[in-house]
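Both backbone and side-chain heavy atoms feed into the values below; hydrogens, waters and symmetry mates do not. Because the structure is a prediction, the values reported are computed rather than measured.
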Amino acid sequence: MEFHKLISAVSKSTALRRPPRLRELLCQSDAGMQPMGNTNKASLSHEIFLHNGLISPSTNGVYRILPLLQRSLDKLTNLVESRMSAIGAHKLTLPHLTNIKLWERSERLGLVADELFRVRGRCGTDFCLGPTHEEEISALLAGSQPLGRERFPLLWYQITWKFRDEKRPRNGLLRSREFLMKDLYSFDSSRELSESTFARVISAYRGLFDSLGVTAVAATADAASMGGYASTEFHILSPVGEDSVLVCAACGVAHNAEVVRGDESRCRGCGWEGPALRRAIEVGHAFLLGRRYSQLFGSTFREVSGSDSPLDMGCYGLGLTRLLGALAEVNRRDGAVVEWPVAVAPFLVAVLPPKVGSREAGGAPQRCDEVATALNNSGVTADNVVVSDATRRTIGHRLEECRHLGIPYAVIQGSKATGSGLLEVYNLRTDVSEMYSPDEICRLFSPTGTGDDVRPRNLLGQI
């Protein structure tokens with residue numbers, strides 16, 4: 001659609017989406033982003049999040065997620081939900097407040113008591129704020145009897161805030177007392193089917209990490225207080241990680257160092273000598289629980305014969321706020337720059353009007369607004385455009401701000417555009433730029449734009 005027709009169409013639409021202004025989303029002074037000084041902190045992602053106005057500490061180990069990082073978190077949540085839907089999982093919400101008697105019944109209370117935030121209701125009932133929900137969902141299934149074999153597998157998940165009273169919270173979102181987690185629970189009518197479900201979920205996790213352009217090492221690990229007979233952790237290799245994993249360069253098999261004997265020097269997968277010990281951030285953990293919970297809670301299914309048998313259960317956690325912190329660690333560039341994976345960048349495009357009082361200003365603000373509105377209502381940039389509205393600052397200053405915030409592309413009404421009617425499209429990852437008319441810019445970011453002159457690979461890369 002030609003630019004003027006698109007503008008007319010979106011102007012008449014009752015669903016017109018005005019692109020937000022960057023200053024609406026940032027909690028910082030009008031002076032703008034300042035250089036980040038030297039830091040001795042172990043986690044640079046934490047310092048970057050604070051410096052770039054993405055989080056704000058509420059108290060030790062508890063953070064406010066501010067609008068720009070919330071956008072990235074929402075995008076990550078949507079990616080996870082898409083992966084869960086693809087394997088037939090269904091979303092539900094379990095209560096944050098869990099009766100402490102459920103933890104007594106699962107025989108886990110004594111194992112994790114120090115990590116639970118506990119509260120007492122006015123009627124004397126003891127609760128905890130759920131760090132995980134195996135007990136709650138097992139009780140749910142136990143109260144839904146009888147369910148026939150043909151009803152399984154059941155895959156139910158939630159994405160909710162979890163609470164853990166960490167003794168020493170540190171590294172910002174990498175180890176906090178409150179965190180967003182996706183927890184999926186599976187129920188099958190046999191051990192073999194449960195293991196098949198486990199393989200499907202692990203494959204979905206790998207697909208998610210691939211879509212984020214990050215390598216996650218799957219490591220055999222101890223089931224610890226969770227119980228069960230097998231577990232796999234997902235780690236992103238990083239010096240700031242608190243876990244140590246042994247990774248075999250020959251076959252890729254990995255183990256958490258906690259499950260490896262001190263004198264063990266060969267890879268358990270291929271026998272190669274010399275697997276490397278690497279620091280890593282654990283971002284996910286999957287367990288085959290067997291009948292550990294279903295027998296205690298009475299979570300059963302009805303056999304064809306009419307008898308009831310315990311369900312085989314699995315649980316699959318993925319820390320979303322921690323994953324954002326890990327992505328920032330491995331995608332950090334010079335200074336306080338984080339090159340977010342495009343899929344979770346807070347915005348895809350920033351539109352930069354000229355500086356107030358510059359020779360380019362003239363009628364540029366209205367023109368930039370029109371381009372921003374058109375992009376924000378079509379193509380891959382729908383709801384993915386922001387206007388850099390701090391026009392008392394130079395374009396160069398605002399470009400650096402967008403680079404620090406992880407926005408990959410900018411559309412600029414600057415000195416190069418004077419008198420030409422063209423705007424500059426700038427790739428903030430590669431510093432490549434080219435000039436386009438407003439109509440060409442709309443086609444540039446359109447999923448149907450395929451001409452080499454419209455979607456140059458060196459400018460846009462893979463979006």
Side-chain angles (χ1 to χ4, degrees), residues 25 43 45-46 48-50 52-85 89-98 115-117 128-134 136-137 156-166 169-185 201 204-205 208-209 211-212 214 216 226 233-236 240-242 281-287 315-331 338 340-341 343-346 406:
L25 302 159
S43 169
S45 68
H46 179 44
I48 290 171
F49 283 173
L50 291 170
N52 291 356
L54 304 181
I55 63 173
S56 172
S58 175
T59 188
N60 188 24
V62 180
Y63 297 92
R64 308 174 184 101
I65 306 294
L66 300 183
L68 276 175
L69 192 64
Q70 185 64 53
R71 285 185 61 90
S72 293
L73 187 57
D74 289 345
K75 289 184 176 185
L76 180 57
T77 298
N78 290 338
L79 287 175
V80 171
E81 289 184 341
S82 176
R83 295 286 171 177
M84 293 298 97
S85 178
H90 301 282
K91 191 175 183 181
L92 80 166
T93 300
L94 299 169
H96 289 307
L97 282 174
T98 301
E115 295 182 352
L116 296 179
F117 283 105
C128 71
L129 293 174
T132 183
H133 284 80
E134 286 73 24
E136 190 70 50
I137 200 153
W156 288 351
Y157 78 98
Q158 60 177 348
I159 298 177
T160 57
W161 291 92
K162 305 294 191 294
F163 306 88
R164 186 171 296 148
D165 193 5
E166 295 281 357
R170 52 201 175 275
N171 296 336
L173 299 185
L174 297 182
R175 184 167 292 279
S176 56
R177 290 191 165 109
E178 183 180 17
F179 50 94
L180 189 66
M181 187 170 83
K182 185 280 302 173
D183 42 324
L184 166 69
Y185 303 94
V201 178
Y205 274 31
L208 172 69
F209 294 127
S211 72
L212 294 170
V214 65
M226 189 69 72
E233 294 173 340
F234 285 91
H235 294 269
I236 293 177
V240 76
E242 296 185 359
I281 302 168
E282 181 193 336
V283 294
H285 205 156
F287 299 84
C315 65
Y316 311 84
L318 188 69
L320 301 193
T321 43
R322 180 180 287 188
L323 180 52
L324 278 185
L327 289 172
E329 288 288 344
V330 299
N331 289 289
V338 173
W340 288 115
V344 295

Inset, instruction - Can you measure from CG (L323) to CD1 (I281) and round to the nearest 0.5 angstrom? - result: 9.5 Å
Legend entry - Which atom of S176 lies closest to which atom of P169, heavy atoms considered: CA-CB, 4.5 Å
Inset, instruction - Measure the CG-CZ distance between L324 and F49 for me, rounded to the nearest 0.5 Å. - result: 6.0 Å
Legend entry - Steps toward side chain to side chain contact (heavy atoms under 4.5 Å, CB included) verdict (L212, L76): CA-CA 9 Å; L212 294 170; L76 180 57; 4.0 Å; yes
Legend entry - Distance, nearest 0.5 Å, that separates CH2 of W340 from CG of L68: 10.5 Å
Inset, instruction - Applying side chain to side chain donor-acceptor pair (under 3.5 Å), name anything that partners Q158, two or more places apart in sequence or on another chain. - result: H133, D183
Inset, instruction - Supply the atom-to-atom distance I236 CD1 to L327 CG, rounded to the nearest 0.5 angstrom. - result: 5.5 Å
Inset, instruction - Output, in order, the C-alpha distance, side-chain angles, deciding distance and verdict of side chain to side chain contact (heavy atoms under 4.5 Å, CB included) for T321 and Y63. - result: CA-CA 11 Å; T321 43; Y63 297 92; over 6 Å; no
Legend entry - Side-chain touch V62/E178, heavy atoms, less than 4.5 angstrom: yes
Legend entry - Partners passing side chain to side chain donor-acceptor pair (under 3.5 Å) against R83 (at least two apart in sequence or in another chain): none
Legend entry - Inter- and intrachain pairs under salt bridge (Lys or Arg N to Asp or Glu O under 4.0 Å), touching residues 69-79, at least two apart: none
Legend entry - Shortest non-hydrogen separation from Y185 to T132 and the atoms involved: OH-OG1, 3.6 Å
Inset, instruction - For E81, enumerate each residue passing the salt bridge (Lys or Arg N to Asp or Glu O under 4.0 Å) test, keeping only those at least two apart in sequence or located in another chain. - result: K91
Legend entry - Side chains of K182 and T77 in contact at under 4.5 Å (non-hydrogen atoms): no
Inset, instruction - For F179, enumerate each residue passing the ring-ring contact (aromatic ring centres under 6.0 Å, His included) test, keeping only those at least two apart in sequence or located in another chain. - result: none
Legend entry - Those residues that, when tested against A89, pass side-chain contact (heavy atoms from CB on, under 4.5 Å) (two or more places apart): M84, I87, L155, Y157, L184
Legend entry - Counterpart residues, side-chain contact (heavy atoms from CB on, under 4.5 Å), relative to L66 (two or more places apart): C27, S56, R64
Legend entry - For E233, side chain to side chain donor-acceptor pair (under 3.5 Å) partners two or more places apart: H235, N256
Inset, instruction - Look only at the side chain of R177 and the backbone of E166, and say whether a donor-acceptor pair between them is shorter than 3.5 Å. - result: yes
Inset, instruction - Side-chain contact test, heavy atoms from C-beta onward, threshold under 4.5 Å: evaluate it for E242 versus R170 and give yes or no. - result: yes
Legend entry - Minimum-distance pair of heavy atoms, taken over all atoms of G406 and A345: O-CB, 3.5 Å
Inset, instruction - Could I get the full list of salt bridge (Lys or Arg N to Asp or Glu O under 4.0 Å) partners for E134, not counting sequence neighbours? - result: R108
Inset, instruction - Drop me the distance from S72's OG to L54's CG, to the nearest 0.5 angstrom. - result: 7.5 Å
Legend entry - For H96, all residues meeting side-chain contact (heavy atoms from CB on, under 4.5 Å), sequence neighbours excluded: T160, W161, F163
Inset, instruction - State, yes or no, whether a side-chain contact exists between I65 and L173 at a heavy-atom distance under 4.5 Å. - result: yes
Legend entry - Pairing residues for P67 by the side-chain contact (heavy atoms from CB on, under 4.5 Å) criterion, not counting sequence neighbours: L25
Legend entry - Side-chain donor or acceptor of S82 paired with backbone N/O of N78 under 3.5 Å: no
Legend entry - R322 and L174, any side-chain heavy atoms less than 4.5 Å apart: yes
Inset, instruction - With sequence neighbours excluded, tell me which residues meet side chain to side chain donor-acceptor pair (under 3.5 Å) with S45. - result: S43, E329
Inset, instruction - Give, for atom OH of Y205 and atom CG of L318, the distance between the pair rounded to the nearest 0.5 Å. - result: 4.5 Å
Legend entry - Residue pair A328 / V338: nearest heavy atoms and the distance that separates them: CA-CG1, 3.9 Å
